[in-house]
Structure formats: C-alpha cells, structure tokens
Amino acid sequence: MVCVCFILCHSDICGGVLTGLSGVITSPDYPDNYPNNAECHWLIRAAPHTHIRLMFTDFQLESQECNFDYVAVLDGNGIEEQFRHYCGTTKPPDITSSSNELHVIFKSDFNIGARGFKAHFSSGECQDVFKAVRSNITSPRYPEMYPNNIICQWNIQLPPGFRIKMFFRDLELEEKNSLTEQCDYDYVSVYDGQNESNKLLGKWCGTEIPSPVMSSKNNLLLVLVTDRDTASKGFSVFYIG
Ligand SMILES: [Ca+2]
Ligand SMILES: [Ca+2]
C-alpha cells in the first residue's frame, strides 16, 4: 500500500485477518481519539459452515452523517443490503453473519475525530442463537479444556409468552481469585434478556453447580469469559422453555 503524507503521517497498524474463536476490534488509538485519514479493513473468518457474531460495546464517531467517518460491515456472501454504514453515536445492532466471513471497515476523513469504537466477535462453537424450546449448550471443546482469552455468547430466543429455565449439568471453571473471593479469571454469567445491559441473574466459576435460573421473559443470554491462562473442562447446561 502506498501512503502519501502531506503534514503528518499516521503509521497506525489496523485491520487484518482474524481467525480466533473470539476477539476484539477497536479503532486505532482507542480509547483515545482515532486519527484522521485512517482506513482499516478487518476480515473475520470462522470455521466453514459456522457463523460470526459481532457486538459493539462502545461507539462514538464524528457525526450522524456517514459521509465523514464510518464503520461498515459487509457480510461475507457479498449481499449488497448487508453492507451498512454506521456513524455518530448510534451503536450498530448485534450482527450475525450469514456465512463464515465478515468484513469490518473503518474510515475517517481529514478532520474531526472522536473516541471511536470497540467491538468483540465470537464465532463457531463460541456463539449461537437457540430458537428451540429445549436444548443443550456446552462450552467450546467440552469436555476437553476450553480455550483461553475468549468471550462467548449464546442467546436463547423463544416466542413471546415463554420463559426459560436453565439447569447446569456440569461446571468446571478456573477457581475464584483467593484474594478477592470473586470470579475474576474465568466465569460464566447469565442475563435476563438479549444482551448484557439486561439484569445479571448469576455469575459463577469453580466447580460448584449453580441452582437453576429462570428468565422473566422469552430471552436469555449465556456468556463465557476466560482469561489468558489456566483452563478447565467448562460447562454443560440444559434449558427448557
Ligand atoms: Ca472525521
Ligand atoms: Ca483461565
């Protein structure tokens, strides 16, 4: 790539090909303001026949008119309608790819920056959306050791009127931090709705099987977060609507 610079040249490295089960994407210099004239292309690639979920957790771009700075998300199958531009402070919705590839593009123009964005993705066995009235969910590679450094999300979305009861059949995660007595390393958590802004119903680690949890409505979110070392067998849960 040839870069022509007149006054200041930004050598920010951004973009790339991401193939992990989960990961994070941020604008250059995040959480400081992104540079002008930035252009980043990420290609997220999951295992064949699996999908990718992309969730923005922070989003602050220049203006509500997307012809200045924007984030664009292109589904891997190239369907034109799936190519959306996002800007300003309107956080993009959670996006699930229709194929095993998702392109994310960030562009800024010649002036006026902002904090930028942070998004995380999960793919393959690290994410799913369940619409069946009952099913099992297990951590990636269960009953083998789960990977380090992952954030996985599983959504259960049943028709209105349903509530969801979830039972833990097995739980083996890294133990609590002995200093804080909290699940600071690896944990599984459950939210009463579609995303983490909903009420937290529980957060667990170690090997003590939690009591069943019950949603108040027809959606439940199960999240697994692991840190950089020490893994274990993971979990197996069963839910019924
Ligand atoms: Ca700008
Ligand atoms: Ca760990």
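For this chain, numbers begin at 1 and follow the sequence in order. Each ligand, and each atom within it, is numbered from 1 in the order the structure gives.
- Among the atoms of Phe110, no N, O or S atom is found under 3.0 Å from the Ca ion (ligand 1).
- With the Ca ion (ligand 1) as the vertex, OD1 of Asp69 and OD1 of Asp109 span 80° to the nearest 10°.
- Tyr239 and Phe130 have perpendicular rings, their planes meeting at more than 60° on a 0 to 90° scale where under 30° would count as parallel.
- Take the Ca ion (ligand 2) and draw a sphere of radius 3.0 Å; the protein N/O/S atoms inside it number 6.
- For Tyr146 and Phe235, the distance between ring centers is not under 6.0 angstrom.
- Glu172 meets the salt bridge (charged side-chain N to carboxylate O under 4.0 Å, His left out) test with Lys233; sequence neighbours excluded.
- Aromatic ring pairs are classed by plane angle as parallel below 30°, tilted from 30° to 60° and perpendicular above 60°; the pair Phe106 and Tyr34 is perpendicular.
- The shortest non-hydrogen separation linking Gln64 to Thr90 is OE1-OG1, 3.2 Å.
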Working for side chain to side chain contact (heavy atoms under 4.5 Å, CB included), residues Ser99 and Asp75: CA-CA 7 Å; Ser99 76; Asp75 207 331; 4.1 Å; yes

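- Nearest N/O/S atom of Glu62 with respect to the Ca ion (ligand 1) is recorded as OE1.
- Separation of the Trp204 and Phe168 ring centroids falls under the 6.0 Å cut-off.
- Under 4.0 Å is where a charged nitrogen must lie from a carboxylate oxygen, and between Arg115 and Asp32 no such pair does.
- Residue Asn36 does not count as close to the Ca ion (ligand 1), with no N, O or S atom under 3.0 Å.
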